[in-house]
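Inspection log for the structure reproduced underneath, given as structure tokens.
Quantities reported herein were computed from a predicted structural model and do not represent experimental measurements. Below, chains carry the letters A, B, ... as their sequence lines are ordered, and counting in each starts from 1.
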There are 2 protein chains.
Amino acid sequence: MTVIFSKKCEYGMQAVLYLAAHQTEGVTRVDDIAATLKVPKEFVSKILQSLTASGIVASKKGKFGGFALAKDPSVIRLIDVVAAIDGLEMFDSCVLGFPNCTPDTPCPVHDTWGELRTLAYNMLTEETLDKFKQKTINKIKTI
Amino acid sequence: MTVIFSKKCEYGMQAVLYLAAHQTEGVTRVDDIAATLKVPKEFVSKILQSLTASGIVASKKGKFGGFALAKDPSVIRLIDVVAAIDGLEMFDSCVLGFPNCTPDTPCPVHDTWGELRTLAYNMLTEETLDKFKQKTINKIKTI
DNA sequence: TAAATTTCAGATAAAACAATCCGATTAAAA
DNA sequence: TTTTAATCGGATTGTTTTATCTGAAATTTA
């Protein structure tokens, strides 16, 4: 099966977008996120813990606790979530799996795929969470 | 860990490019392919068996047997190998993992990522093995 | 202080993926 | 016909990813 981002990373991006969409409501409980996104509660909880360690989200323990974005959504990018969970190796490794594919000894698709990879990287880097906010709210409502 | 194609698919693409580069020499043994590409012999053997079932490569059993491309390299595309091994779901499923992301109810990055996906698909579809042949030979020699 | 509710942390289980093993079958050559 | 060398096919093992479970710690309210 072909995959782009791991489940952890997908759920992490979904959760962060959810938090951005619900930012005005203070902290959000894992139960709410998991129920809305229909993903395993304990799993997304672990992911939010690691995103807390990465400084992307902030947690509040105890009664009426939960999670919120740690920074303004205008400075959080999807690439930050990817970097925190999956790492950025996919933007730097050979799509055919050749271990020593470099600009000097490129694989047959090195140049063409490189363009694509740069496009993907720039897309995830330039767009910040606040740009997705409205879209995300609409999306969440349709789930 | 982020991944684009599975190991099976990577090895499959590598093996097919190897066969294209060695087409003039008749059949090629799995041992040769595995040794040159530095991938597990039994694993790549299984992959070649499935590519045989898909009609992309042909096998010759017994002494002096081995594998060769089943068609002219000008009609075999990398997307054919991807389709046979990993399937094409990645070109049709949401990059954020939203289960019901559609043009009507798109995820926040649906449109931008869709462009990228189309580019990737077209690239893998339009380029045939013969175009990679010389590059592959060079590549194989540097491994 | 006690009760309620939440995150945190570690262990474990289940599933998917990657790799290996082994004997059977096939085919060419001596 | 026997030997040799290759693919084929099924079962098995190992590793990583995904998911779950349980109890501790933290925080608010009564």
Side-chain angles (χ1 to χ4, degrees), chain A residues 1-15 19 22 25-35 37-70 82 85-87 89-90 97 99, chain B residues 1-15 19 22 25-35 37-70 82 85-87 89-90 97 99:
Chain A
M1 166 70 99
T2 307
V3 148
I4 295 183
F5 299 118
S6 67
K7 284 286 174 196
K8 269 186 190 164
C9 195
E10 285 182 1
Y11 295 163
M13 292 189 287
Q14 291 183 17
L19 290 177
H22 291 73
E25 303 161 24
V27 298
T28 305
R29 293 176 306 144
V30 169
D31 271 339
D32 291 342
I33 301 173
L37 300 178
K38 295 194 179 67
V39 300
K41 174 193 167 182
E42 292 85 1
F43 197 33
V44 81
S45 168
K46 282 265 184 284
I47 295 163
L48 285 166
Q49 284 172 37
S50 79
L51 288 177
T52 301
S54 303
I56 295 172
V57 308
S59 71
K60 183 167 183 290
K61 293 182 189 175
K63 197 169 184 178
F64 297 99
F67 290 90
L69 296 180
V82 173
I85 298 179
D86 275 349
E89 305 85 39
M90 85 165 270
Chain B
M1 166 71 99
T2 308
V3 147
I4 295 182
F5 299 116
S6 68
K7 284 286 173 197
K8 269 184 192 164
C9 194
E10 285 182 1
Y11 296 162
M13 292 189 287
Q14 292 183 17
L19 289 177
H22 291 73
E25 304 161 25
V27 298
T28 304
R29 293 176 305 144
V30 169
D31 271 338
D32 291 342
I33 301 173
L37 301 178
K38 295 194 179 67
V39 301
K41 175 193 167 184
E42 292 85 2
F43 197 31
V44 81
S45 168
K46 282 265 185 285
I47 294 162
L48 285 166
Q49 284 173 37
S50 81
L51 288 177
T52 301
S54 304
I56 295 172
V57 307
S59 71
K60 184 167 183 290
K61 293 184 191 176
K63 197 170 185 179
F64 296 96
F67 290 92
L69 296 180
V82 173
I85 298 179
D86 275 348
E89 305 84 40
M90 84 165 271

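Among D/dT4, C/dA18, D/dC8, the nucleotide with an atom closest to any side-chain atom of B/Q49 is D/dC8. Of the candidate nucleotides C/dC8, D/dT20, C/dT20, C/dC8 has the atom lying nearest to any side-chain atom of A/S59. Checking C/dA19, D/dT20, D/dT27 against every side-chain atom of A/K61, the shortest atom distance belongs to D/dT27. Out of D/dC8, C/dA19, D/dT28, the shortest distance to the side chain of A/F64 is found at D/dT28. Taking the side chain of A/K46 as heavy atoms from C-beta on, and the options C/dC8, C/dC21, D/dT20, the nearest nucleotide is D/dT20. Among D/dT28, C/dA27, D/dA19, the nucleotide with an atom closest to any side-chain atom of B/K63 is C/dA27. Checking C/dT7, D/dA19, D/dT7 against every side-chain atom of A/F67, the shortest atom distance belongs to C/dT7.
One interatomic measurement links the two molecules: NZ of A/K60 to C1' of C/dT5, which rounds to 11 Å at whole-angstrom precision. Going from atom OH of A/Y11 over to atom P of D/dT18 covers 8 Å, rounded to whole Å. Across the protein-nucleic acid pair, B/L37 atom CG and C/dA19 atom P stand 13 Å apart, rounded to whole Å. Look at CD on B/E42: it is 16 Å from P on D/dT13, rounded to the nearest Å. In this structure, NZ of B/K7 is placed 12 Å from P of D/dT16, rounded to the nearest angstrom. The distance from atom CZ of B/F43 to atom P of D/dT12 is 19 Å, rounded to the nearest whole Å.
Both A/K8 and B/G65 sit near DNA chain D, but only B/G65 has its closest nucleotide nearer the 5' end.
Between the CD1 atom of B/I33 and the CZ atom of B/F67 there is a distance of 7.5 Å, given to the nearest 0.5 Å.
No contact: B/V27 has no heavy atom under 4.0 Å from any strand.
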